K.L.:
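One structure is given below, represented as structure tokens, and several questions about it will come after.
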Amino acid sequence: MNWDQMEGQWKQMKGKLKEKWGKLTDSDWDQVAGKRDQFLGKLQERYGYSKEQAERELTDWERAQGRSSKVA
């Protein structure tokens, strides 16, 4: 699943993401709305991650979910 598909299934996927990144507020989740770049920005803001660390954390999560961040 790529992030274009994720946007279409945002409500379902949001719950799984919330399990890992609980510091994000409901407002944050609404702003992200399935957009990968915005999600990375929120990880940087709320967790103090560097851009590279946010990317690494999300990519690791995607792999654990059996998803790829690459567009198919």
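Quick caveat: nothing in here was measured; it's all calculated off a predicted structure.
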K.L.:
Give a yes-or-no answer on whether the side chains of K16 and Q65 include a donor-acceptor pair shorter than 3.5 Å.
P.N.:
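Side-chain D/A pair, K16 to Q65: absent.
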
K.L.:
Which value, rounded to the nearest 0.5 Å, describes the distance between L17 atom CG and M13 atom CE?
P.N.:
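With rounding to 0.5 Å, CG (L17) is 5.5 Å from CE (M13).
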
K.L.:
How far does CG of L40 sit from NZ of K51, to the nearest 0.5 angstrom?
P.N.:
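L40 CG to K51 NZ: 8.5 Å, rounded to 0.5 Å.
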
K.L.:
How long is the span from the CG atom in L43 to the CD atom in Q38, to the nearest 0.5 Å?
P.N.:
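Nearest 0.5 Å value for the CG-CD distance: 12.0 Å.
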
K.L.:
Indicate the atoms forming the closest heavy-atom contact of Q44 with S50, along with that distance.
P.N.:
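So the minimum-distance heavy-atom pair works out to CG-O, 3.9 Å.
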
K.L.:
A quick test of your reading: do over 12 heavy atoms of other residues, nucleotides or ligands sit less than 6.0 Å from CG of D30?
P.N.:
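Yes, the 6.0 Å shell around CG holds more than 12 heavy atoms from other groups.
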
K.L.:
One thing to verify: whether D26 and K18 come together as a salt bridge, which I'm taking to mean a side-chain N less than 4.0 angstrom from a carboxylate O.
P.N.:
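A salt bridge is present here (some side-chain N lies under 4.0 Å from a carboxylate O).
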
K.L.:
Under a 4.5 Å cut-off applied to non-hydrogen side-chain atoms, are Y47 and Q53 in contact?
P.N.:
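Not touching, per the 4.5 Å side-chain cut-off.
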
K.L.:
Tell me every residue that passes side-chain hydrogen bond (donor to acceptor under 3.5 Å, both in side chains) with K14, counting only those two or more places apart in sequence or in another chain.
P.N.:
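By the side-chain hydrogen bond (donor to acceptor under 3.5 Å, both in side chains) rule, K14 matches no residue at all.
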
K.L.:
Hey, could you give me the NZ/CG distance between K42 and D28, rounded to the nearest 0.5 Å?
P.N.:
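Here the rounded value is 4.5 Å.
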
K.L.:
Locate the shortest heavy-atom distance separating W29 from F39; write the atom from each residue and the value.
P.N.:
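Minimum heavy-atom separation between W29 and F39: CZ3-CE1, 3.4 Å.
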
K.L.:
Please report the C-alpha distance between E45 and K23 in whole Å, then the side-chain angles of each, then the deciding distance to 0.1 Å, and finally whether the salt bridge (Lys or Arg N to Asp or Glu O under 4.0 Å) criterion is met.
P.N.:
CA-CA 10 Å; E45 181 182 328; K23 287 184 182 180; over 6 Å; no

